[in-house]
Amino acid sequence: MKKALFPGSFDPLTLGHVDIINRGVALFDEVIVAIGINADKSYMFSLEERKKFIEAAFKGEPKVKVVTYEGLTVQFCKEIKVPFILRGLRNPADFEFEKAIAHTNRQLSKVETVFLLTSARTSFISSSIVRDVIRNHGDYTVLVPDSVRVK
Ligand code: ADP
């Protein structure tokens, strides 16, 4: 069974993430969406909210699992025996950043990183822009799946 880990902050889940997860499902038997816990970072949505948004968005898709983890992503992959990391690429800045991380991960482990290029219609979406729109009372609903709603 081919499994891939899709790690990120998902603060919150966006239509860009949904696109990568759906396309990952076509390539892998299981896509494990892994919310990284970083004690030094402050988030707009709690861990529970971020997890619920993803679970609700994929409740009809048994190939998608949602977990949380702390520490190094490759260490977590080793612990749960997942040989692939899935990441999305939007632009040259993403590429440079992801290249350094993927090379480091290859030095630290045998885990292979698989990149999917973002779909044109979601390439401009980022969680930080969504948070900005929410803070400024804009219509964020066009950027996120229906499961993501601010109370
Ligand atoms: P991180 O804090 O690790 O960057 P994110 O939740 O922002 O976590 O992103 C997780 C993954 O989703 C990354 O691989 C990122 O490149 C990808 N991603 C984010 N937004 C998009 C998008 N609009 N299209 C494609 N991939 C995306």
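For ligands, and for the atoms within them, numbers begin at 1 and follow the listed sequence.
With hydrophobic clusters built from ILVMFWY side chains whose heavy atoms lie under 4.5 angstrom apart, V64 shares a cluster with L15. Cluster membership for F6 and V18, using ILVMFWY side-chain heavy atoms within less than 4.5 angstrom, is shared.
Of the options L13, T68, V33, V67, a side chain to side chain contact (heavy atoms under 4.5 Å, CB included) to K51 is made by T68 and by none of the others.
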Ligand 1 polar-atom proximity to protein (N/O, under 3.5 Å):
unit_1	atom_1	unit_2	atom_2	d
ligand 1	2 (O)	S9	OG	2.7
ligand 1	3 (O)	R87	NH1	3.4
ligand 1	3 (O)	R87	NH2	3.3
ligand 1	6 (O)	S9	N	3.2
ligand 1	6 (O)	F10	N	3.0
ligand 1	6 (O)	H17	NE2	3.1
ligand 1	8 (O)	S9	N	3.1
ligand 1	9 (O)	H17	NE2	3.4
ligand 1	14 (O)	R87	NE	3.1
ligand 1	14 (O)	G88	N	3.0
ligand 1	16 (O)	G88	O	2.6
ligand 1	20 (N)	R90	NH1	3.2
ligand 1	23 (N)	T122	O	2.8
ligand 1	23 (N)	I125	O	2.8
ligand 1	24 (N)	T118	OG1	3.1

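D139 and T141 form a side-chain donor-acceptor contact under 3.5 Å, judged by distance and modelled atom types alone.
Aromatic ring pairs are classed by plane angle as parallel below 30°, tilted from 30° to 60° and perpendicular above 60°; the pair F84 and F28 is tilted.
In summary, E112 and R106 engage in a salt bridge, as defined by a charged side-chain N under 4.0 Å from a carboxylate O.
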